[in-house]
Amino acid sequence: MLNAEIIGRTFPGATPTLVTQEAISTFAAVVGESNTQVAPPTFAISITLDQSQKLLQDSGLDWTRVVHGDQRFEIFRPIVAGDTLLCSSTIESARVMAGNEIVSVRSDLHFGAELVASTWSTLVVRA
Amino acid sequence: MTPLEVGQELELKSYPINRALLVAYANASGDQNPIHQNEEFAKSVGLPDVIAHGMLTMALAGKYISDIAGSAAVKEFSARFTKPVVVPADTDVLLNIAGKVSSIEDGRAKIEITAEVDGVKVLGMAKASIAI
């Protein structure tokens, strides 16, 4: 189970991720996108999912039992090659439903002081 | 781009998903969970077969949205993962995506998206907001 005192806390990342042209092009190729000047709309997940797992690894969340329930993106400006994005993750809520733990995590990606994108993931930890 | 109208139905498009695409998505996204690649492992945790990453399905729906006004126009995008997309070996599974313009306000068009495989909805409440 998640530590209750962790709800509402923000875990700031320490190391920013450099977005390479190769990373954008590889992601675009998978979905058949020919425009590689900006990242496809869901590209942010490739940074936030990995980063939030690292940031929240001591939260008591059992990542081996996690199923992705839903996902939301808010994109303030498109991600482009050369961005160095720092991820901070906040556990916004946690509740138990039918024995499963439902955890909502928001991750913000900043380039310096600029908020580039926010992602919200609902994670279902199966009982 | 032709101007969008409220109530407008957007063209249905089909996206083939196969095991090779799952490997490509795993490499592109960093999500190497074996339930998306290894049949034996997937079955050992109670799944019928290998399943697609929910985020791959959403990424393909993202491509559908990007095709309306470009990737840079996509401002908001959300979806629920309602049913797993089962991907058997040596088979293309067709993901069918359609959209409808639900509102146009303040320079933003809201699009409601449906995504189904074999008549079964795989994304729920899928919607996007794009700058127009």
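Throughout, a chain's letter reflects where its sequence line sits, starting with A, and its residues are numbered from 1.
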Task: ILVMFWY cluster membership beyond A:L115 - transitive side-chain contacts under 4.5 angstrom - done: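 So far as hydrophobic clustering goes, A:L115 is joined with A:F76.
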Task: Heavy-atom contact with chain A under 4.5 Å, split by part of B:I65 - done: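 Contact with chain A involves no heavy atom of B:I65 at all.
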TODO: Not counting sequence neighbours, list each pair that qualifies as a ring pair (Phe, Tyr, Trp, His ring centres under 6.0 Å) and has a residue in residues 34-54 of chain A.
DONE: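 Checked against ring pair (Phe, Tyr, Trp, His ring centres under 6.0 Å) - neighbours excluded - the pairs reaching residues 34-54 of chain A are A:F27-A:F43.
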- [ ] Hey, could you give me each pair passing ring pair (Phe, Tyr, Trp, His ring centres under 6.0 Å) that has a residue in residues 95-132 of chain B? Not counting sequence neighbours.
- [x] none
Task: Polar side-chain atom of B:E116 near backbone of B:G119 as donor-acceptor pair, under 3.5 Å - done: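 Yes; judged by distance alone, with no hydrogens or angles, the pair exists.
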- [ ] With rounding to the nearest 0.5 Å, note down the distance linking CD1 in B:I132 to CD1 in B:I111.
- [x]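 Nearest 0.5 Å value for the CD1-CD1 distance: 8.0 Å.
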TODO: Working to the nearest 0.5 Å, report the span between CG of B:D49 and OG1 of B:T91.
DONE: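 The CG atom of B:D49 sits 9.0 Å away from the OG1 atom of B:T91.
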Task: Contacting moiety of A:A39, where chain B heavy atoms sit under 4.5 Å - done: backbone
Give every donor-acceptor pair between chain B and chain A closer than 3.5 Å, one pair per line, or write none.
residue : atom : partner : partner atom : Å
B:K75   : O    : A:I75   : N            : 2.7
B:F77   : N    : A:F73   : O            : 3.1
B:F77   : O    : A:F73   : N            : 2.7
B:A79   : N    : A:Q71   : O            : 2.9
B:A79   : O    : A:Q71   : N            : 2.9
B:F81   : N    : A:G69   : O            : 2.9

- [ ] With side chain to side chain contact (heavy atoms under 4.5 Å, CB included) as the test, would you mind laying out the steps for B:V117 and B:L94 before giving the verdict?
- [x] CA-CA 6 Å; B:V117 172; B:L94 275 191; over 6 Å; no
Task: Pairs of heavy atoms under 4.5 Å with chain B: top-ranked of A:G69, A:A29, A:A23 - done: A:G69
Task: Stepwise side chain to side chain contact (heavy atoms under 4.5 Å, CB included) test for B:V86 and B:V93 - done: CA-CA 8 Å; B:V86 178; B:V93 174; over 6 Å; no
Task: Contact winner vs chain A - B:A59, B:G62, B:A61, B:G124, heavy-atom pairs under 4.5 Å - done: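 It is B:A59.
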